Amino acid sequence: DWVNDMCFNGDKSLLFSCSNDCKINIWDLKGTYLKNNYTTIFPVYSYSDLHKDFIKRIHYNSNKNYLYSCGLDSKIYIYPIDNNTKYNIE
């Protein structure tokens, strides 16, 4: 699987990515730092149950705190993003 698009939230503390595995991942960048010019981070939350085909684009609207996604399934989804929420994979 490969990443098709990514974007940041308003204060650049969260990174959103979408890929061909039909997932949108949220990556928490707070507290990360580069070590030897790279670092490994893991998603703190994943949306994986909406799109049924490749997700091609995502966009973050900082005025409304929404993330938008569209894919080859001809669907557009809107996700409310709360910057104060700690996202945890369950």
Side-chain angles (χ1 to χ4, degrees):
D1 296 317
W2 51 89
V3 174
N4 289 323
D5 198 13
M6 57 188 201
C7 62
F8 292 98
N9 69 333
D11 67 2
K12 298 194 178 6
S13 62
L14 297 175
L15 174 67
F16 307 100
S17 66
C18 65
S19 59
N20 284 4
D21 62 1
C22 302
K23 288 184 184 176
I24 292 177
N25 288 320
I26 300 175
W27 310 80
D28 187 354
L29 302 179
K30 289 181 272 182
T32 61
Y33 61 94
L34 293 178
K35 182 177 181 180
N36 299 326
N37 294 325
Y38 68 90
T39 188
T40 301
I41 59 172
F42 298 95
V44 294
Y45 193 81
S46 291
Y47 292 102
S48 61
D49 56 347
L50 294 175
H51 283 285
K52 303 302 180 208
D53 204 345
F54 298 163
I55 304 172
K56 298 304 285 182
R57 300 284 297 174
I58 53 175
H59 173 76
Y60 179 77
N61 180 330
S62 59
N63 293 328
K64 300 287 186 182
N65 287 332
Y66 286 120
L67 182 71
Y68 303 88
S69 67
C70 62
L72 295 182
D73 58 0
S74 301
K75 303 284 185 186
I76 297 173
Y77 290 101
I78 302 171
Y79 313 83
I81 302 297
D82 181 356
N83 290 338
N84 297 316
T85 299
K86 292 186 184 271
Y87 295 96
N88 296 309
I89 295 178
E90 298 177 4

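This is a predicted model, so every value here is computed, not measured.
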Residue set satisfying side chain to side chain contact (heavy atoms under 4.5 Å, CB included) with L50, at least two apart, ordered chain then number -> Y77, Y79
With side chains defined as the heavy atoms from C-beta onward, is the minimum distance between [X] and [Y] less than 4.5 Å?
X	Y	answer
H59	L67	no
I24	I58	yes
N9	F16	yes
I81	I26	yes
S13	L29	no
Y60	N65	yes

How close do [X] and [Y] get, counting heavy atoms only, and between which atoms?
X	Y	result
F54	C22	N-SG, 4.1 Å
K23	S48	CG-CB, 3.6 Å
L15	C7	CD1-O, 3.4 Å

Taking atom [atom1] of [X] and atom [atom2] of [Y], what is their separation to the nearest 0.5 Å?
X	Y	atom1	atom2	result
S62	K12	OG	NZ	9.0 Å
S17	M6	OG	CE	8.0 Å
S69	K75	OG	NZ	12.0 Å
K30	D11	NZ	CG	7.5 Å

More than 12 heavy atoms of other groups within 6.0 Å of L72 CG: yes
Here the salt bridge (Lys or Arg N to Asp or Glu O under 4.0 Å) pairs for residues 50-67, sequence neighbours left out, are D5-R57
TODO: Ignoring hydrogens and angles, state whether a donor on the side chain of D28 or Y45 is under 3.5 Å from an acceptor on the partner side chain.
DONE: no
Quiz prompt | N4 versus S19, side-chain donor and acceptor atoms under 3.5 Å | solution = no
Notebook entry, point to check: Under the side-chain contact (heavy atoms from CB on, under 4.5 Å) criterion, do N61 and Y68 qualify, and how do the steps go?
Noted result: CA-CA 8 Å; N61 180 330; Y68 303 88; 3.6 Å; yes
query = Is there a donor-acceptor contact under 3.5 Å from the side chain of N25 to the main chain of S46?
reply = no
